[in-house]
2 protein chains.
Amino acid sequence: MNEAVVLTSERILEVTEDVLRRYGLAKATVVDVARALDVSHGSVYRHFPSKASLREAVAKRWLERVSKPLAEIAAEPGPAPAKLERWLRELFDAKHKRVCEDPEMFATYLTLAREACTVVKAHKQDLIAQVEGIIAEGVAQGAFDVADPKTAAAAIFDATRSFHHPAHADEWAECTCSTRVDAVLTLLLRGLAAR
Amino acid sequence: MNEAVVLTSERILEVTEDVLRRYGLAKATVVDVARALDVSHGSVYRHFPSKASLREAVAKRWLERVSKPLAEIAAEPGPAPAKLERWLRELFDAKHKRVCEDPEMFATYLTLAREACTVVKAHKQDLIAQVEGIIAEGVAQGAFDVADPKTAAAAIFDATRSFHHPAHADEWAECTCSTRVDAVLTLLLRGLAAR
DNA sequence: GCGCTGACAGATTTCAATATCTGTCAGCGA
DNA sequence: TCGCTGACAGATATTGAAATCTGTCAGCGC
């Protein structure tokens, strides 16, 4: 029957995200977060050892929201080439949608990600591993001809940077963008294909 | 016989580059440039209408030093696939060398380039046009099979961003870098090849 | 006992006064 | 005449004092 809201890490993260949205990355302080939670800032430090670790946790949540739907696609059955294309397009769409629906929040997460480079590296490794899985599957199906799926997965990731790395986000709104995506995907799938 | 040094735009650009190297981008002022030239800053404004246009001209010079050797490769005779690979490797080497030999100056030029986005766009168009030429040549030789050389050139440019776009410069020192370059080039050349 | 508070020291940010710079132009000197 | 100078107004950057924030911890109250 006790409805007193307990202070959990999860709740702090949610409220932190709100505060970031409201105040912007530069102005959002731990004191602001504590105020929004109606506790003292000391309590926040009970759950996160530093402001940096709090921000890192926010970044991690955000990246997980990107990688989870992708993992589902990677786990589906079916021919690898089509699946790889679907996976990549889903990745691009996820990023493009985020930047066009809420550019300020995207900028916030981008800066956050720069600070939390460990988390970002792990995210990248996760994504490349997913691609590697799809490519290995394609090789097993006889659809792809590559010497080493790991290297090939890294190459696919590198070769599609223009469409998923935030440094190029300003080009994602250009009208030629979808044509360019098509061209690169065609080239890469041809490059992987067994002949 | 008059050896009085005349104030030319070219001389101003050279000295400006020196000043940028010495003071750094943030601290280099038009007054500093004028002082280094031993003239009043009003004289500099006689040759460049604004500080921005002076910086733009410096950026342009720098980009031309990148594109000129590439244009020479593009103009050479020979089979297109090998030439395309050589051209791309020369592009990567040029960038990688610059960042590793003088990281501070690279950062300076990077910021300069951000400001002078018109100049950068023209540079990009120039490079893509060079690639388009090589690809068209490859199609004529029967080595490449692509529907549209223009689109394919843009795709090659997009797909190699990781190795020539300055946003990714911090990865160019990694030991895996040359492996990754090889992997992407292999994939792309396979993707272009007639079969 | 246990979780929270709030005061505190040192680090960081803000803000306004001050200094410097950009871009213009009337006038000097060759 | 013609290129250059240097004073000037408005814009931008620097500086240092004051305010705020981060991270800690002794102690309060449940």
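It should be emphasised that the depicted structure is a prediction, and the values quoted were computed from it without experimental measurement. A, B, ... follow the sequence lines: proteins, then strands. Residue 1 opens every chain.
Looking at the side chain of L7(B), the nearest of the listed nucleotides dT5(D), dT5(C), dC4(D) is dC4(D).
A side-chain donor from one of D32(A) and T29(A) sits under 3.5 Å from a side-chain acceptor of the other.
Of the listed residues (R22(B), R55(B), R65(B)), just one forms a salt bridge (Lys or Arg N to Asp or Glu O under 4.0 Å) with E17(B), and that residue is R65(B). Considering V33(A), V30(A), V44(A) as possible partners of K51(A), the one that fulfils the side chain to side chain contact (heavy atoms under 4.5 Å, CB included) test is V30(A).
Using a distance-only test at 3.5 Å, with no hydrogens or angles considered, no donor-acceptor pair links the side chain of W87(B) to the main chain of A82(B).
In this entry the distance linking CG of D38(A) with C1' of dG6(C) reads 15 Å, nearest Å. Summarising the geometry, the separation between CD1 on I12(A) and P on dG3(C) is reported as 13 Å, rounded to the nearest angstrom. Rounded to whole Å, the distance from NE2 on H47(A) to P on dC2(C) is 15 Å.
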Name the pairs: protein N/O against N/O of nucleotides 18-25 of chain C, kept only if under 3.5 Å.
unit_1	atom_1	unit_2	atom_2	d
dT22(C)	OP1	V30(B)	N	3.1
dT22(C)	OP1	K51(B)	NZ	3.1
dT22(C)	OP2	V30(B)	N	3.1
dT22(C)	OP2	V31(B)	N	3.4
dG23(C)	OP2	Y45(B)	OH	2.8
dG23(C)	OP2	K51(B)	N	2.6
dG23(C)	N7	H41(B)	NE2	3.2
dG23(C)	O6	H41(B)	NE2	2.9

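A perpendicular orientation is assigned to the rings of F106(A) and W62(A), their planes being inclined by more than 60° (bins at 30° and 60°). Between H168(A) and H165(B), the ring planes lie perpendicular to each other; the angle is over 60°, past the 30° to 60° tilted range. The aromatic rings of H41(A) and Y45(A) sit perpendicular to each other, their planes meeting at more than 60°, with 30° as the lower class boundary.
Within 6.0 Å of atom CD in E104(A), 12 or fewer heavy atoms from other residues, nucleotides or ligands are found, so the atom counts as exposed in its surroundings.
Fit an axis to the five pairs at each end of the helix from dG1(C)-dC30(D) to dA30(C)-dT1(D) and the two axes sit 10° apart, to the nearest 10 degrees.
Not one side-chain nitrogen or oxygen of S43(B) sits closer than 4.0 Å to the OP1 or OP2 atom of dG3(D).
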